Amino acid sequence: MIVKFGFVAMSLLLQNASPSRTMTYSNFIKQPDRAAAIRRLEQIAEQNLHTTLRIMKHAAAHDIRLYRFTSKIIPLATHSDLSDWDPYPALADSFSAVGEFVQKSDMRVSFHPDHFCVFSTPRPEVLASSQRDLDYHVRMLEAMGLSETVKNNIHIGGAYGNKLESGDRFVRQFTALPPRLRQRVTLENDDKTFNVCETLEAAEAANVPMVLDIHHHDVNDGGIAREQLVNQYWPRILNTWEKEAIRLGLASPGALPPKIHASSPRSDTDRRSHADGVEAKPLLRFLRDIAASTGRVDCMLEAKHKDAALLKLMEDWQRLEALGEGVRVIDGGSIEITP
DNA sequence: ACCTGTCAAGTCTGG
DNA sequence: CCAGACTTGACAGGT
């Protein structure tokens, strides 16, 4: 099994490389010249796209071919007071440049709209803003010229005192979305509410691939033992990806590898928060468990130290390889789990 | 140069 | 019913 590793949103190794520069709304409305303020927002976005390109070039130089964009590329993009603003024409070239690099370097990318994107909500106004938020992310992918293999990963949302009903409401409201939005989504189990089983059922009903977060499962396992996760649920999770590959008409079902998220708990007393790095040993245990049934998997690291954590993990793989632990380091961003 | 409170958005908990 | 927690990097305003 080949495992590709990636990191999220920003680099700690590059200097002056925030891809999430912004302008607060309070600062925006303070500007005397609204047109100039909008130009400033577009400049910031252009700069964020340029930095994003820098980060991806840095990743590619380290053989890292998995990256998640920050959601904060265009400041105030979905703010209700700026609904008359269309930033995309001014940013067309910058978005294209990012998209071209993604394709040229065979980078697998994604977005992760944050917790304001909640399709399980019972409130119509929240549903509307969730759709606006998802639309914003999809438009960015379209502006990059990227195909529907490139997804926005989201969670189901709140339970509102009745998880079953809220899961159903998610599926109902999600499937009512325009295909253009629906077909750009993956669903991930969360750390508090919707566990692997519940998320998988929603993903199957909504007809979208599921991203498995191992750390979320550890802190919100819904009583599912590791063995059950591996034998019972992982094959079904794999199946959601194979179905999507077929729907997209890809050459082989394995053309769209499943995605997992990995992170380590901050401490014994705070097991939910992310630690600076990712521990190799527990991750290896999981990877070994799925290796027999899985050809490839893409593993997103969610660690405070971002790309630095990834580089550190790769060093750990090298040590484990030397110890004969069934790991072979292929390059700076991928390993093979050998039987 | 450095520090601290705040930030557009949602949901849940506890008082 | 409302304030605060959650979680997070960056801004904004102060020293």
Side-chain angles (χ1 to χ4, degrees), chain A residues 7-31 34 37-38 40-41 43-45 47-48 51-52 55 68-85 87 111-137 152-163 165-167 169-170 173-174 188 190-195 198 213 215-216 219-220 261 263-267 269-276 300-309:
Chain A
F7 64 99
V8 164
M10 64 185 291
S11 165
L12 292 200
L13 299 173
L14 295 178
Q15 305 292 308
N16 298 319
S18 167
S20 308
R21 307 259 335 255
T22 189
M23 182 192 287
T24 59
Y25 181 63
S26 60
N27 192 0
F28 175 80
I29 46 172
K30 259 189 275 177
Q31 308 294 313
R34 185 181 154 97
I38 283 178
R40 178 69 195 130
L41 289 174
Q43 269 174 21
I44 293 170
Q47 199 180 0
N48 285 340
T51 307
T52 295
I55 294 171
R68 182 162 87 212
F69 298 122
T70 168
S71 286
K72 298 175 186 159
I73 289 177
I74 309 179
L76 305 178
T78 59
H79 195 282
S80 55
D81 195 40
L82 282 144
S83 53
D84 59 323
W85 172 42
F111 278 110
H112 195 346
D114 54 31
H115 64 283
F116 307 113
C117 207
V118 276
F119 290 104
S120 70
T121 184
R123 296 163 55 196
E125 71 277 18
V126 174
L127 178 61
S129 61
S130 296
Q131 180 167 347
R132 204 157 48 236
D133 195 35
L134 180 56
D135 185 77
Y136 156 64
H137 288 90
N152 300 294
N153 185 46
I154 62 171
H155 297 288
I156 295 176
Y160 314 92
N162 187 337
K163 213 173 0 177
E165 203 172 89
S166 297
R169 188 168 46 241
F170 170 88
Q173 296 186 146
F174 181 82
E188 179 193 344
D190 68 71
D191 58 349
K192 288 209 263 250
T193 312
F194 290 95
N195 60 43
E198 294 155 346
D213 188 309
H215 180 214
H216 289 169
V219 295
N220 179 29
H261 289 179
S263 45
S264 298
R266 168 108 268 194
S267 67
T269 48
D270 180 12
R271 298 205 31 91
R272 258 203 352 236
S273 304
H274 292 161
D276 294 344
M300 192 63 89
L301 304 183
E302 293 184 323
K304 289 220 177 267
H305 287 181
K306 316 289 178 190
D307 53 344

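Lettering follows sequence order; numbering is per chain, from 1. If you're wondering where the values come from, they're calculated on a predicted model, not measured in any experiment.
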N or O in side chain of Arg132(A) less than 4.0 angstrom from dA9(B) OP1/OP2: no
Lys306(A) side-chain N/O to dT8(C) phosphate OP1/OP2 under 4.0 Å: no
Shortest side-chain distance from Tyr160(A), nucleotide among dC12(B), dC6(C), dA12(C): dC12(B)
Interatomic spacing from CZ in Phe116(A) to OG1 in Thr78(A) - rounded to 0.5 Å: 9.5 Å
Rounded interatomic separation in angstrom, taking CD1 from Ile44(A) and P from dG9(C): 19 Å
dT11(B) OP1/OP2 closer than 4.0 Å to side-chain N/O of Thr121(A): yes
dC3(B) to dT7(C) separation - P atoms, rounded to the nearest Å: 25 Å
Between P of dT7(C) and CZ of Arg271(A), the distance in whole Å: 14 Å
Secondary-structure stems for DNA chain C, with pairs counted as Watson-Crick or G-U when both distances are under 3.5 Å and runs at least 3 long: B:1-7 with C:9-15, B:10-15 with C:1-6
Phosphate OP1/OP2 of dG9(C): any Ser18(A) side-chain N/O under 4.0 Å: no
Aromatic ring pairing Phe119(A)/Phe170(A), orientation class (parallel under 30°, perpendicular over 60°, tilted between): perpendicular
Integer angstrom distance from the P of dA8(B) to that of dA12(C): 10 Å
Presence of Ser20(A) side-chain N/O under 4.0 Å of dA10(C) phosphate oxygens OP1/OP2: no
Distance, nearest 0.5 Å, that separates OG1 of Thr22(A) from CG of Leu76(A): 5.5 Å
Base of dA9(B) and ring of Phe116(A) stacked, centres under 5.5 Å, planes under 30°: yes
Side-chain N or O of Lys72(A) closer than 4.0 Å to phosphate OP1/OP2 of dT8(C): no
Sugar-phosphate only, base, or nothing, as touched by Ala159(A) at under 4.0 Å among non-hydrogen atoms: sugar-phosphate
Mutual orientation of the aromatic rings belonging to Phe111(A) and His137(A) [parallel < 30°, tilted 30-60°, perpendicular > 60°]: perpendicular
Side-chain donor/acceptor of His112(A) to backbone N/O of Asn153(A), under 3.5 Å: yes
Atom pair distance, as rounded to whole Å: CG in Leu127(A) and C1' in dG10(B): 13 Å
Under-4.0 Å side-chain N/O to phosphate OP1/OP2 contact, Arg123(A) with dT11(B): yes
Pairwise P distance for dG9(C) and dT11(B), with rounding to whole Å: 23 Å
Distance below 4.0 Å between Arg272(A) side-chain N/O and dC6(C) OP1 or OP2: no
Under 3.5 Å donor-acceptor, Gln131(A) side chain and Leu127(A) backbone: no
Given dA8(B), dT11(B), dA9(B), the nucleotide with the shortest approach to the side chain of Asp133(A): dA9(B)
Distance, C1' atom - from dA1(B) to dT8(C), rounded to whole angstrom: 23 Å
Residue Asp84(A) excluded, over 12 heavy atoms near CG under 6.0 Å: yes
Protein-nucleotide distance (Asn220(A), atom CG; dC12(B), atom C1'), rounded to Å: 14 Å
Any donor-acceptor N or O pair under 3.5 Å, side chains Glu302(A), His215(A): no
Sugar-phosphate, base or nothing in reach of Asp114(A), heavy atoms under 4.0 Å: nothing
Under 3.5 Å donor-acceptor pair, Thr78(A) side-chain atoms to dA8(B) base atoms: yes
